Student: 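To start, I am sharing the structure in question, which I have written as C-alpha cells.
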Amino acid sequence: MCGRTACTLAPHELSRASRYRDRTGQRHRPRWKDGDTDKYRPSYNKSPQSFSPVLLSNRHFNKDAPVDECVLAAMRWGLVPAWFKENDPNKMQYNTSNCRSESLLEKKSYKDPLLKGQRCVILADGFYEWRRLEKEKQPFFIYFPQSQGGQVPSQQSTQQLKCDQSLDQGESDQDDSDWAGWRLLTIAGLFDSWTPPCGGEALYTYTVITVDAAANLQSIHDRMPAVLDGEDEVRRWLDFGEVKSLEAMKLLQPKSSLTFHPVSSLVNNSRNNSPECLQPVDPTIKKTVQPTASSKMMMSWLKTASPTKRKNTDEDTSAKGPEEKLEAVKQTKPAGTLQQWLLGTSSNKKPRT
C-alpha cells in the first residue's frame with residue numbers, strides 16, 4: 001500500500017516541475033485550477049485526508065478544453081465516491097486511499113471513475129514504505145533517481161520571475177525554461193467529485209492505484225504505487241479521449257526504476273513534519289549518517305542555495321475536516337526545504353523573501 005508521501009515544492013515550482021507533452025509532442029507548463037494553490041500545503045509527511053497536487057486533463061473542468069491540455073489541482077487523499085449519501089465525507093467506513101489495480105473493474109467506487117476517464121497523476125517527491133523487522137518497522141523513502149548535476153538555481157533571474165508572473169496570469173508559457181531541480185514521482189490515480197446531499201461546494205478526492213512491488217522493492221513491501229515513468233506514460237494515462245480505460249490499465253505495471261534509503265522513525269507519526277523525516281539514517285545505530293549511494297544523486301541539486309520562498313508546510317491533518325485542514329497552522333518553514341535534510345544545515349535559517 002501507499003500511506004504516506006512527501007511533496008515539498010511550492011505551487012509555482014510544481015508547475016515548472018510537471019511540464020507535460022501533448023499529442024503533438026509539444027511541451028507545456030500546466031496552470032493551477034482557480035483557487036487550488038490555497039488548498040495545497042507542501043509537506044515532508046503527507047498522510048491520507050491531506051490535500052495533494054494532482055495533474056489531470058483540463059476537460060474535466062472545462063468541457064471546451066482539449067483533452068490533452070493538463071491542469072494542476074489540489075485534491076484530498078482518499079476517494080469519496082460521487083454517490084456517497086452522507087453529508088460528512090469523514091463518515092466513509094472503508095479506506096479508499098489506495099486501490100488495487102487488479103480490482104479496478106470490480107468495485108463500484110473505482111469502476112465508475114475509471115470508465116468515466118477520471119484518471120489523474122499524483123505528484124510527490126517520493127513516498128514512504130515500512131519494512132517489518134520482528135517487532136519493529138523500518139521506514140524507507142522511495143523516489144526516482146535524480147539526474148547527475150541537477151540543481152536548483154540559487155536565485156531566480158529577473159527574466160524568470162517575470163515569466164512566472166505572466167504564467168500565473170494565464171499568459172503564454174513558450175519562453176519558460178526547463179525545470180532543473182527535483183524529478184517528481186508521478187503516480188497513477190483515479191479521482192471523483194462529491195457534492196454533499198444537503199448542498200455545498202464539490203469536493204475533489206483521489207485514490208492511489210497500487211500494483212505488485214518490483215523486484216528491488218519486494219524486500220520492503222509486497223505492493224507499490226503504480227508509477228508512470230516518463231512523459232509518454234503520463235500523457236497516455238491522462239488522455240482519456242485517445243487512450244481508453246482498458247488500454248490505459250496496461251500502464252499499471254511494477255517499476256524497477258525507483259531507488260530508496262532508510263529514514264528515521266519520526267515519519268511514523270504524521271504530526272512530525274520536518275526535514276528529518278527524509279534524512280537517510282543507519283537503521284542499525286538509529287542516527288543520521290552520511291548519504292548512501294542510493295541518495296547521492298539527491299544531493300547533486302541540493303548543494304546550492306535555496307529556491308524562492310516556499311509556502312507553509314502541512315501540519316497533521318489526519319484528525320481534521322477539510323475546512324480545518326485549510327486553516328492548519330501556517331508555520332513558515334525555511335526556504336530550501338529539501339536542501340537541509342541531507343546537508344545538515346540549520347533548520348533555524350530564515351526563509352528567503
Side-chain angles (χ1 to χ4, degrees), residues 1-7 17-18 20 45-48 52 54-55 77 95-106 110 114 119-133 136-148 150 182-190 206-238 243 245-263 267-268 277-278 280-281 283 291-300:
M1 63 171 293
C2 175
R4 212 69 65 79
T5 65
C7 191
S18 57
Y20 67 94
N45 194 359
K46 278 191 172 294
S47 58
S52 298
V54 303
L55 190 68
W77 188 359
N95 188 338
T96 57
S97 57
N98 290 177
C99 60
R100 298 173 68 92
S101 61
E102 302 91 332
S103 59
L104 289 180
L105 293 173
E106 299 174 5
Y110 310 128
L114 177 66
R119 308 195 298 253
C120 65
V121 173
I122 299 100
L123 304 174
D125 299 337
F127 69 98
Y128 299 98
E129 193 53 86
W130 283 258
R131 173 193 288 164
R132 292 185 179 274
L133 297 172
E136 297 183 355
K137 291 183 179 181
Q138 172 60 52
F140 288 81
F141 185 58
I142 305 171
Y143 50 95
F144 273 138
Q146 302 301 304
S147 300
Q148 181 71 39
W182 192 260
R183 183 190 175 190
L184 291 174
L185 196 61
T186 43
I187 302 170
L190 298 173
Y206 72 89
T207 184
V208 170
I209 300 174
T210 66
V211 296
D212 289 334
N216 65 325
L217 298 178
Q218 288 176 358
S219 64
I220 300 175
H221 200 277
D222 62 352
R223 303 288 293 181
M224 67 178 291
V227 172
L228 301 168
D229 193 353
E231 292 180 343
D232 184 62
E233 289 196 3
V234 169
R235 183 195 68 79
R236 292 169 61 198
W237 179 253
L238 296 181
V243 184
S245 300
L246 294 179
E247 184 67 22
M249 289 178 65
K250 296 177 182 179
L251 297 169
L252 306 177
Q253 302 293 332
K255 294 295 195 304
S256 59
S257 54
L258 305 185
T259 189
F260 57 88
H261 63 253
V263 295
V267 75
N268 295 357
C277 290
L278 294 167
V281 301
T292 62
S294 67
S295 61
K296 286 181 180 179
M297 287 298 181
M298 303 175 75
M299 294 187 67
S300 63

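Counting from 1, the numbers follow the sequence of the chain as shown. As a basis for the values below, the full set of heavy atoms in this structure was taken, side chains included, without hydrogen atoms, waters or symmetry mates. What you see is a predicted model; the values in this text were computed from it and never measured.
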Student: For residues Asn268 and Arg4, report the shortest heavy-atom separation together with the two atoms involved.
Tutor: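 Result for this residue pair: O-NH2, 3.5 Å.
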Student: According to the interplanar angle, ranging from 0 to 90°, do the rings of Tyr128 and Phe141 count as parallel (below 30°), tilted (30 to 60°) or perpendicular (above 60°)?
Tutor: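 Judged by the thresholds at 30° and 60°, the geometry between Tyr128 and Phe141 is tilted.
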Student: Verify the neighbour count for atom CG of Leu133: are there more than 12 heavy atoms of other residues, nucleotides or ligands below 6.0 Å?
Tutor: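 It does: Leu133 CG has more than 12 such atoms within range.
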Student: When rounded to the nearest 0.5 angstrom, what is the spacing between OH in Tyr206 and CD1 in Ile122?
Tutor: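 Rounded to the nearest 0.5 Å, the OH-CD1 separation comes to 6.0 Å.
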Student: Answer yes when Arg132 and Asp222 have at least one side-chain N-carboxylate O distance shorter than 4.0 Å, and no when they do not.
Tutor: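 Here Arg132 does not pair with Asp222 in a salt bridge, since their nearest N and O are not under 4.0 Å apart.
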Student: Side-chain contact, heavy-atom cut-off 4.5 Å: Gln146 with Trp182?
Tutor: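 Yes - at least one pair of side-chain heavy atoms lies under 4.5 Å apart.
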Student: Taking Arg223 first and then Glu102, would you say they form a salt bridge - that is, a charged N and a carboxylate O separated by under 4.0 Å?
Tutor: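 Here Arg223 pairs with Glu102 in a salt bridge, since their nearest N and O are under 4.0 Å apart.
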Student: Are Val263 and Cys277 close enough that some pair of their side-chain heavy atoms sits under 4.5 Å apart?
Tutor: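 SC-SC contact between Val263 and Cys277 ruled out.
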Student: Going by the rule ring pair (Phe, Tyr, Trp, His ring centres under 6.0 Å), which residues pair with Tyr110 if we only count those two or more places apart in sequence or in a different chain?
Tutor: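 Residues passing ring pair (Phe, Tyr, Trp, His ring centres under 6.0 Å) with Tyr110: none at all.
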Student: Considering the options Leu251, Leu55, Asp229, which one meets the side-chain contact (heavy atoms from CB on, under 4.5 Å) requirement together with Val234?
Tutor: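 For Val234, the side-chain contact (heavy atoms from CB on, under 4.5 Å) test succeeds with only one of Leu251, Leu55, Asp229, which is Leu55.
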Student: List the steps, then state whether side chain to side chain contact (heavy atoms under 4.5 Å, CB included) holds for Thr186 with Leu123.
Tutor: CA-CA 5 Å; Thr186 43; Leu123 304 174; 3.9 Å; yes
Student: For a side chain to side chain contact (heavy atoms under 4.5 Å, CB included) check, start with the C-alpha distance between Arg119 and Val243, then their side-chain angles and the critical distance, and finish with the verdict.
Tutor: CA-CA 11 Å; Arg119 308 195 298 253; Val243 184; 3.9 Å; yes
Student: Just so I know, are the side chains of Met249 and Leu105 near enough to count as touching, which here means a heavy-atom distance under 4.5 Å?
Tutor: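 Yes. Closest side-chain heavy atoms under 4.5 Å.
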Student: For Leu184 versus Ala17, what's the shortest heavy-atom pair and its separation?
Tutor: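 Where Leu184 meets Ala17 most closely, the heavy atoms are CD1-CB, 3.7 Å.
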Student: Rounded to the nearest 0.5 Å, how far apart are CD1 of Ile187 and CG of Leu228?
Tutor: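 Interatomic distance, Ile187 CD1 to Leu228 CG, rounded to 0.5 Å: 9.0 Å.
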Student: Considering all heavy atoms of both residues, which atom of Pro283 and which atom of Gln138 are nearest to each other, and what is their separation?
Tutor: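 The pair with the smallest heavy-atom distance is CB-OE1, 3.2 Å.
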Student: Closest approach of Asn45 and Val267, non-hydrogen atoms and distance?
Tutor: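 Scanning both residues completely, I find the closest heavy atoms to be ND2-O, 3.4 Å.
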Student: Tell me whether Trp77 contacts the main-chain N or O of Ser47 through its side chain, where contact means a donor paired with an acceptor under 3.5 Å.
Tutor: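 No; zero donor-acceptor contacts below 3.5 Å.
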Student: What residues form a side-chain hydrogen bond (donor to acceptor under 3.5 Å, both in side chains) with Thr5, not counting sequence neighbours?
Tutor: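 Listed in chain order: nothing, the list is empty.
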Student: Would you indicate whether the side-chain heavy atoms of Val211 and Lys255 approach each other to under 4.5 Å?
Tutor: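 Not in contact.
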Student: At what distance, to the nearest 0.5 angstrom, does OG1 of Thr207 lie from CG of Leu104?
Tutor: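 Interatomic distance, Thr207 OG1 to Leu104 CG, rounded to 0.5 Å: 8.5 Å.
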Student: Could you tell me whether a side-chain N or O of Thr259 sits under 3.5 Å from a main-chain N or O of Pro145, the two making a donor and an acceptor?
Tutor: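 Such a contact is absent between Thr259 side chain and Pro145 backbone.
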Student: At their closest point, which heavy atom of Tyr143 faces which heavy atom of Gly126, and how far apart are they?
Tutor: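 Heavy atoms of Tyr143 and Gly126 come nearest at CB-CA, 4.2 Å.
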Student: Roughly how far, to the nearest 0.5 Å, is the CD atom of Glu231 from the OG atom of Ser18?
Tutor: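 Atom-to-atom, Ser18:OG and Glu231:CD are 10.5 Å apart.
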Student: Can you find a heavy atom in the side chain of Trp237 that is under 4.5 Å from one in the side chain of Ile209?
Tutor: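 Contact flag for Trp237/Ile209 side chains = yes.
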Student: Is there a side chain to side chain contact (heavy atoms under 4.5 Å, CB included) between Phe140 and Ser219 once you walk through the steps?
Tutor: CA-CA 11 Å; Phe140 288 81; Ser219 64; over 6 Å; no
Student: Quick one: does Leu258's side chain get under 4.5 Å of Leu185's, heavy atoms only?
Tutor: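 Touching, per the 4.5 Å side-chain cut-off.
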Student: May I ask you to test the Gln253-Ser101 pair for a side-chain heavy-atom distance under 4.5 Å?
Tutor: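 Answer no - side chains too far apart.
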Student: What distance separates Met224 CE from Gln218 CD, expressed to the nearest 0.5 Å?
Tutor: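 Nearest 0.5 Å value for the CE-CD distance: 10.5 Å.
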Student: Please report the interatomic distance CZ(Arg131) to CG(Leu217), rounded to the nearest 0.5 Å.
Tutor: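 Answer rounded to 0.5 Å: 10.0 Å.
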Student: Taking all non-hydrogen atoms of both residues, which atom of Pro225 and which atom of Cys2 are closest, and how far apart?
Tutor: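 Taking Pro225 first and Cys2 second, the nearest heavy atoms are CG-CB, 3.8 Å.
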